[in-house]
Protein chains: 2
Amino acid sequence: MSTRQETPSGNLSTDVAYQSIRAKILSGELAGGAWLRENELANQLGVSRTPVREALGRLVADGLARHEPNRGVRVEEWTPRDLNEIYDLRVLLESHGTAMAALNPATDVVLLDKLASEMTLITEQRHPDFGRLTELNNNFHSTLLESSGNERLTTVVASIVQVPLVRQTFARYNQAELERSMAHHHEIVRAVEAGDAQWAEAIMRAHLRAGWSAMQRFLIASRPKGRTDGQADA
Amino acid sequence: MSTRQETPSGNLSTDVAYQSIRAKILSGELAGGAWLRENELANQLGVSRTPVREALGRLVADGLARHEPNRGVRVEEWTPRDLNEIYDLRVLLESHGTAMAALNPATDVVLLDKLASEMTLITEQRHPDFGRLTELNNNFHSTLLESSGNERLTTVVASIVQVPLVRQTFARYNQAELERSMAHHHEIVRAVEAGDAQWAEAIMRAHLRAGWSAMQRFLIASRPKGRTDGQADA
DNA sequence: TCAGGGAAGATTGTATGGAATACGGGCGAT
DNA sequence: ATCGCCCGTATTCCATACAATCTTCCCTGA
């Protein structure tokens, strides 16, 4: 429902552990650099250490955590440089996917249009529901990628972008940026509808670059702030 | 030495298991679709099932194997469509990386030139050492990606390409293709040396597309061949 | 006062046993 | 004869026990 690609291994305890820990990281409850203790997590979740270890391994593979031999696993930290790299790749891959989607007659333009319109509606309200907006936005971008005809493209982008950073992007936009972002969405739909791959690719690139610009401004603002030890509370 | 990015978790048994099983898959000793039994592998490798399970989990994360709940893990199988998707992404990412490398003054052109020359030398011999050639080629492409200034680019490409398919590509080239491939390498070096990003990107794209073309021919030739059960022998 | 060593505690890494689950063969019913 | 059910076997999945390793802190000695 939310994003997809949740790696539902089909087990029980392992998935519970994986989802729980992942959610804690993405929500920010577990800050960057925080240690992920096997025992602690196992007790919290009411399972043994084995599935917790397995879940941690997957998080490391996802790039959300880092493994330090004989020391443990800690939540990954993201430098501005990391974010820059990630956005570069995202722009490259997503704009390419959008171009492919424009050439694909099976692309569901109606759905894209509906998503874009609903997002616009939300932004016009007095107190926009950014959570819902983010969800629709993810849906919009996913739909485009899935329409590219390259299944791997979706998973690769998902593995790169790893939303701990992108979360709540919209809340940082000022009114002008928000309106521009919505305009981008509609223009993307028009370009795809027209089957113009180059137009679609270009406007998607602009869309993402604009987002990155806003993100950068936020990063510069909230920079050092002293070192946190990770855990939000005990 | 070989490729890099081996995920050296720093443990002992787990790494042994991971490397061993990975090698068996990449060498073809374990064919696509073969079951990876925990007990069997543990006995073979002289470790317990726990590190084997951990290794299997990593292989699944790498995309080299697939997990079927309560059934086990089996070696991933690649359809022609998969290979097509993979090559599309590879072309996109590598050509972009090459363009960036051309713009990066720190790119080690001397090393690239040396690698290209040594490869050419090998191909001019009576019985080319394709293993060595592949190694040098990997080195060439990795060097370019690392010079792009985007560290993630290297790991992303590595995670996508997963050499079980690309292995022995050169052995499939005919003489003309082999010579063209070598010429491409030298031209790439020249383009990077000249700092011409568009030239570099274009020739790299041609280089990879040509390789994909040869690969396709091979795939069509050796298509169905009856279902193998995996294990080469018992 | 400060540097060095060493032991205790904590945490990860590995091994193994028991519970749960899925598959395959045989038997019986229709 | 074929379909469906049941049970035995094999294998994964989870729990727990043990071993190895790292960290910390105190104690000793100069």
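So that the names make sense, note that chain A is the first sequence line, chain B the second, and so on, each numbered from 1.
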Summary of protein contacts for nucleotides 18-23 of chain C, nucleotide by nucleotide, where a base hit scores B, a sugar-phosphate-only hit scores S (4.0 Å, heavy atoms): ---SSS
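Within the structure, a side-chain polar atom (N or O) of B:T14 is placed less than 4.0 Å from OP1 or OP2 of C:dT14. Not one side-chain nitrogen or oxygen of A:H67 sits closer than 4.0 Å to the OP1 or OP2 atom of C:dT11.
Using a 4.0 Å heavy-atom cutoff across all strands shown, A:R53 reaches at least one base atom of the nucleic acid. No engagement by B:L56 is indicated, since no non-hydrogen atom pair under 4.0 Å with the nucleic acid exists.
Ion pairing of A:R81 with A:E85 is present here, as a side-chain N (NZ or NE/NH1/NH2) and a carboxylate O approach within less than 4.0 Å. Ion pairing between A:R152 and B:D88 fails under the 4.0 Å rule for side-chain N and carboxylate O. Using a 4.0 Å cut-off between charged nitrogen and carboxylate oxygen, B:R66 and B:E77 do not count as a salt-bridge pair. Salt-bridge formation is detected for the pair A:E118/A:R132: a Lys NZ or Arg NE/NH1/NH2 atom is positioned less than 4.0 Å from an Asp or Glu carboxylate oxygen.
Of the candidates C:dT12, C:dA15, D:dT16, C:dA15 carries the atom nearest the B:S48 side chain, counting heavy atoms from C-beta on.
Here the C1' atom of nucleotide D:dA17 and the CD atom of A:E38 are 15 Å apart, to the nearest Å. A straight line from CG of B:L41 to P of C:dT14 spans 16 Å, rounded to a whole angstrom.
With hydrogens and angles left out, the side chain of B:T50 and the base of C:dT16 share a donor-acceptor pair within 3.5 Å.
Between A:H141 and A:H207, the gap from one ring centroid to the other is short of 6.0 Å.
For the atom pair CG of A:D113 and CZ of A:F140, the computed distance is 9.0 Å after rounding to the nearest 0.5 Å.
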